[in-house]
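Notes to accompany the following structure.
Here, residue 1 is the first one in the sequence, and each next residue gets the next number. Everything numeric here is computed off the predicted structure, so don't read it as measured data. Worth knowing before you read on, the calculation uses all heavy atoms, side chains too, and leaves out hydrogens, waters and symmetry mates.
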Amino acid sequence: MARAKIAITLDEAALADVDQLVEDGVFPNRSKAIEAAVFEKLQRQRKSRLADECAKLDPVEEQALAEEGMRGDVEWPDY
């Protein structure tokens, strides 16, 4: 995958934390540490969006739909 260079601004405390992770050998450099943090945040946001959409479902209606599919008189289309 192609990469792009960007410039970011961090407060000094956050940058100190990133530098400590690099110094401790958790990441090889600042860029990798920040890239990992952004990736993790995006993953959590995707999961959160899925959970939010699932929360909108009506459990009673979903159960009725599931049970409808289990009845013997339902004709399924040929694919």
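Within 6.0 Å of atom CD in Gln43, more than 12 heavy atoms from other residues, nucleotides or ligands are found, so the atom counts as buried in its surroundings.
Taking each heavy atom of Val22 and Pro28 in turn, the nearest pair found is CG1-O, 3.9 Å.
Taking CG from Asp52 and CD from Gln45, the interatomic distance works out to 10.0 Å, rounded to the nearest 0.5 Å. Taken from CD in Glu61 to CG in Leu57, the straight-line distance is 8.5 Å, to the nearest 0.5 Å. Atom CG of Asp58 and atom CD of Gln63 lie 11.0 Å apart (nearest 0.5 Å). The CE atom of Met1 sits 8.5 Å away from the CZ atom of Arg3 when rounded to the nearest 0.5 Å.
At a threshold of 4.5 Å between non-hydrogen side-chain atoms, the residues Arg30 and Leu15 count as touching. Between Gln20 and Asp24, some side-chain heavy-atom pair lies under the 4.5 Å cut-off.
For Glu40, the side chain to side chain donor-acceptor pair (under 3.5 Å) partners are Arg44, not counting sequence neighbours.
Placement of Leu10 and Val38 within a single hydrophobic cluster is found when ILVMFWY residues are connected by side-chain heavy-atom separations under 4.5 Å, directly or transitively. Follow the hydrophobic side-chain contacts under 4.5 Å out from Phe39 and you never reach Ile6; the two are in separate clusters.
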